[in-house]
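First the structure, in the form of structure tokens, and then the observations on it.
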Number of protein chains: 2
Amino acid sequence: MSSRSKPVSSGTGPANSRGKPTLRTIADITGLAVTTVSRALANAPQISIETRNRVRQVALDIGYSPDRAAQRLKTGRTNVIAVLLEPHEEILGYGTSVMAGIAKALQGTPYHLIVMPNFLNSANIDAINYIIRNSMADGLIFSRTEPLDPRVMLLSENGFAFVTHGRTELATAHPFVDYDNYTFAYEATRRLIAKGRRRLALIGGPAGYTFAGHIQHGFMTAVREAGCAYEILSDIDLDSPAAAIRDRIRRRYAEKDPPDGFTCGGEVCALATITGMTDCGLTLGLEYDIVAKQTSQLLTAIQPRVDTIYEDLTATGEHMGRILLRRIAGSNDVNELQLLLNPELPFETQPARVAD
Amino acid sequence: MSSRSKPVSSGTGPANSRGKPTLRTIADITGLAVTTVSRALANAPQISIETRNRVRQVALDIGYSPDRAAQRLKTGRTNVIAVLLEPHEEILGYGTSVMAGIAKALQGTPYHLIVMPNFLNSANIDAINYIIRNSMADGLIFSRTEPLDPRVMLLSENGFAFVTHGRTELATAHPFVDYDNYTFAYEATRRLIAKGRRRLALIGGPAGYTFAGHIQHGFMTAVREAGCAYEILSDIDLDSPAAAIRDRIRRRYAEKDPPDGFTCGGEVCALATITGMTDCGLTLGLEYDIVAKQTSQLLTAIQPRVDTIYEDLTATGEHMGRILLRRIAGSNDVNELQLLLNPELPFETQPARVAD
DNA sequence: TCGTATGATGAAAACGTTTTAAATGGTCAA
DNA sequence: TTGACCATTTAAAACGTTTTCATCATACGA
């Protein structure tokens, strides 16, 4: 009997109605009981080493794999990690980078990554409610926290395992991974100052999100330290359409004392800023400078080179995955469930954080 | 003795070990049998209208929702649509756009969208095998087909429902949605010619994929018709890192008779081309032109404006979703399972397709 | 010899659905 | 009255696991 079967079905033919081998199939072949087979495959200690091996071998031969639905029904565990993906993440593959990282963390575990896109029903507290009620997953990951994030509260109340990308200001600690956006903005702005720029502008995060506050705080600290003129372009943010940012820049330039340095929270808005300034006849590096947050390879394509500070979203995803697994495994230790990632700065400027 | 009998209030909480209401809970409350409750909720015809309503009301009151694992175990259906996401789709949110479309198509159906990222185990035929064997989904969507795509063959052999983004050249028809990349490239190249460019270059798709062939064919047809000089920048493609494309452009320009028109299959590669040409002191629209495929808002941010032809990836996703649902429902009619989308062209240039 | 660990296996009961087959009344034609 | 035929409802058997609680040798200290 040649046992190299390309299609899914095996040579011996499983005794199953649906055609898939089950524990019963193995039990019949080996003459053991279903219980024993289940235990052998689960590496239960009470099973003798030789029957264990025999069972494993048969399972391998007939291409057995456990029915997830049955496991899930019996144990209540889903072996699924859900990620909430939001519309803004369409841009520039934010979601995809993070997901790649999560997938990496889940590699080799029994967990699957499933994505619940939130493109339609914009109130994503509903999505979370749905996941909890239908126990769609063993753990949840989502991003862009608010200081008093209702999602975090809901999940905490229900004892549902989760990790956020971003911090909150809630009293009860919860697992998170965050990037130190304060230091990012502080350092970015200091770089502009070091280049001799004295009229600085910020294009930060959308109002309401925790990280937007961090960015603004970092920016403000730097400009106040240096005592230079500043402004926050508050009717646009790093999520705004490129065209809107470009227009805004042009309009601003028509007024008096326009900025000569921009701290940009994202890549697309940096690009749009360049476009707007170019429209006004100004050249990057000559009449003005930009320091932007970089999360992809996009800006490396354009000329002249934009000064950036990197945030590694794939690493973020991987950390979130690992932390969530720890959390699901029962950890309550805040030290191993919370992580604040530092911007990767050139060595000499590293300890730029000020006591505030 | 009358512990929790008639009252619908269910203040006592569900009688379940896991705390979630089940069919049994409703049966106990209404005094009906589990079978009847199941049927009532499934709108089975044999249930009287009044018990149906009563059951529905109770279900609503106590917040019942069926256990997906149990349904899945019993019926063999998963109510899940899987999407295979590949590493290249990290760039520019290809995956996210498509997923948004699929989610839209699945809206209001019992189906969930789950994403199997293929970032790690690069041989994604394995991923498909895994999905089939573990019956992880009722249907599958994936992209970037090859002319003799082994994934398509595997799925067809196993009778697994799927839709591809892209065509194959296999004998047996299968459901697909594709964009007419031939017409895209043909029309893009004709635009360059119309602008007076006579030394044309193509940055197309990665070798091996069906759509890469279509792009090349469209490009070749146009340049041959016009009888102008052409070249295919074969060691780079639209997936190449921006830096690589930029270098390649610079090197090419150092040689003799450099191109003055570029047909670009993607946005990032168009951007990188501009950068490379700018390095050489050349200005878009002046010394050279580009026509690129546009799938996002990225290029609208840069200046001068790049001429583009649009491909709507969200619409593609939505079509794929609808077709897959049709397929799962049992349709075999090729006419409603295959769809070729036309590039959106200005009206006067619309019927550009040549007989070949 | 007994009683008792000990080490390995099994039988059977769940988990929450759907589905097959059967039961219950009631009505109606003969 | 009888049987047949509806319209509703139900009991019970799955689906493939895991888990609780036995069972059954065999070995061991007494």
Side-chain angles (χ1 to χ4, degrees), chain A residues 14-56 58-59 62-80 110 133-136 138, chain B residues 14-56 58-59 62-80 110 133-136 138:
Chain A
N16 193 2
S17 67
R18 277 177 198 164
K20 233 189 88 177
T22 91
L23 286 184
R24 183 53 158 276
T25 319
I26 302 182
D28 288 350
I29 293 177
T30 57
L32 295 166
V34 176
T35 311
T36 312
V37 175
S38 172
R39 287 214 180 97
L41 291 175
N43 271 329
Q46 53 221 129
I47 300 297
S48 78
I49 183 72
E50 60 178 8
T51 51
R52 178 147 51 196
N53 287 339
R54 190 155 53 102
V55 167
R56 301 199 94 88
V58 172
I62 68 175
Y64 167 81
S65 63
D67 183 309
R68 320 267 303 200
Q71 286 183 315
R72 181 168 158 179
L73 174 59
K74 187 63 184 122
T75 64
R77 269 172 278 118
T78 65
N79 283 351
V80 160
R133 290 188 34 139
N134 293 43
S135 53
M136 298 287 305
D138 297 339
Chain B
N16 193 2
S17 68
R18 277 176 198 164
K20 232 188 87 176
T22 95
L23 287 183
R24 182 56 157 275
T25 319
I26 302 181
D28 287 351
I29 293 177
T30 57
L32 294 166
V34 176
T35 311
T36 313
V37 175
S38 172
R39 289 221 177 91
L41 292 173
N43 271 329
Q46 54 222 132
I47 301 296
S48 78
I49 184 71
E50 60 177 9
T51 53
R52 177 147 53 197
N53 287 338
R54 188 155 54 102
V55 167
R56 303 198 92 89
V58 173
I62 67 175
Y64 167 80
S65 62
D67 183 309
R68 320 264 306 199
Q71 286 183 317
R72 180 166 157 180
L73 173 60
K74 188 60 184 122
T75 65
R77 267 172 278 120
T78 65
N79 282 352
V80 159
R133 292 188 32 140
N134 294 44
S135 53
M136 297 286 306
D138 297 341

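Numbers restart at 1 for each chain; the letters A, B, ... are given by sequence-line order, proteins then strands.
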Whole angstroms only, please: what is the [atom1]-[atom2] distance between [X] and [N]?
{"X": "Leu73(B)", "N": "dT18(C)", "atom1": "CG", "atom2": "C1'", "value": "10 Å"}
{"X": "Leu23(A)", "N": "dT19(D)", "atom1": "CG", "atom2": "P", "value": "12 Å"}
{"X": "Ile26(A)", "N": "dT18(D)", "atom1": "CD1", "atom2": "C1'", "value": "15 Å"}
{"X": "Asp67(A)", "N": "dT17(C)", "atom1": "CG", "atom2": "P", "value": "17 Å"}
{"X": "Lys20(B)", "N": "dA14(C)", "atom1": "NZ", "atom2": "P", "value": "20 Å"}
{"X": "Arg24(A)", "N": "dT18(D)", "atom1": "CZ", "atom2": "C1'", "value": "15 Å"}
{"X": "Arg72(B)", "N": "dT18(C)", "atom1": "CZ", "atom2": "P", "value": "15 Å"}
{"X": "Arg52(A)", "N": "dT9(C)", "atom1": "CZ", "atom2": "P", "value": "10 Å"}

(request) Might you point out which heavy atoms bring Gly63(B) and Pro21(B) nearest each other, and give the distance in Å? (result)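 Result for this residue pair: O-CG, 3.8 Å.
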So, using side-chain hydrogen bond (donor to acceptor under 3.5 Å, both in side chains) as the criterion, who are the partners of [X] when residues are at least two apart?
{"X": "Arg39(A)", "result": "Gln46(A)"}
{"X": "Arg24(A)", "result": "none"}
{"X": "Asn134(A)", "result": "Ser65(B)"}

Please confirm whether the shortest side-chain N or O distance from [X] to OP1 or OP2 of [N] is below 4.0 Å.
{"X": "Thr51(B)", "N": "dT8(D)", "value": "no"}
{"X": "Ser48(B)", "N": "dT8(D)", "value": "no"}
{"X": "Ser38(A)", "N": "dT18(D)", "value": "yes"}
{"X": "Gln71(B)", "N": "dG16(C)", "value": "no"}

(request) Give the angle between the helix axes at the two ends of the helix from dT1(C)-dA30(D) to dA30(C)-dT1(D), taking five base pairs at each end and rounding to 10°. (result)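 The end-segment axes of the helix from dT1(C)-dA30(D) to dA30(C)-dT1(D) are tilted 70° relative to each other.
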Quick test: give all pairs of protein nitrogen or oxygen and nucleotides 20-27 of chain C nitrogen or oxygen below 3.5 Å, distance rounded to 0.1 Å.
{"unit_1": "dT20(C)", "atom_1": "O4", "unit_2": "Arg39(B)", "atom_2": "NH2", "d": "2.9"}

(message) Run the side-chain contact (heavy atoms from CB on, under 4.5 Å) test against Thr30(A) and tell me which residues pass, sequence neighbours left out.
(response)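 Applying side-chain contact (heavy atoms from CB on, under 4.5 Å) to Thr30(A) gives Ile26(A), Leu32(A), Val37(A), Arg54(A), Val58(A).
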(request) Return the set of residues passing side-chain contact (heavy atoms from CB on, under 4.5 Å) with Asn79(B) (not counting sequence neighbours), or none when no residue passes. (result)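 Counting only residues at least two positions away or on another chain, Asn79(B) forms a side-chain contact (heavy atoms from CB on, under 4.5 Å) with Arg68(B), Pro110(B), Tyr111(B), Asp138(B).
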Measure from the side chain of [X], starting at C-beta and using heavy atoms only, and say which of [options] lies closest.
{"X": "Leu32(B)", "options": "dT17(D), dC15(C), dT10(D)", "result": "dT10(D)"}
{"X": "Lys74(B)", "options": "dT19(C), dT9(D), dA14(C)", "result": "dT19(C)"}
{"X": "Val34(B)", "options": "dT18(C), dT9(D), dT17(D)", "result": "dT18(C)"}

(request) Assign Ala33(B) to base, sugar-phosphate, or nothing according to its heavy-atom contacts below 4.0 angstrom with the strands shown. (result)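 Sugar-phosphate, backbone atoms only, no base.
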(request) Return the set of residues passing salt bridge (charged side-chain N to carboxylate O under 4.0 Å, His left out) with Arg77(A) (not counting sequence neighbours), or none when no residue passes. (result)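 Arg77(A) satisfies salt bridge (charged side-chain N to carboxylate O under 4.0 Å, His left out) with no residue once adjacent residues are dropped.
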(message) Going by salt bridge (charged side-chain N to carboxylate O under 4.0 Å, His left out), name the residues that satisfy it together with Arg133(A), two or more places apart in sequence or in a different chain.
(response)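 Per chain and number, Arg133(A) pairs via salt bridge (charged side-chain N to carboxylate O under 4.0 Å, His left out) with no residue.
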(request) Without swapping roles, check the side chain of Arg72(A) against the backbone of Asp67(A) for a donor-acceptor pair under 3.5 Å. (result)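 No.
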(message) Return the CD1 to OG1 distance between Ile62(B) and Thr22(B), rounded to the nearest 0.5 Å.
(response)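 Ile62(B) atom CD1 to Thr22(B) atom OG1 measures 8.0 Å (nearest 0.5 Å).
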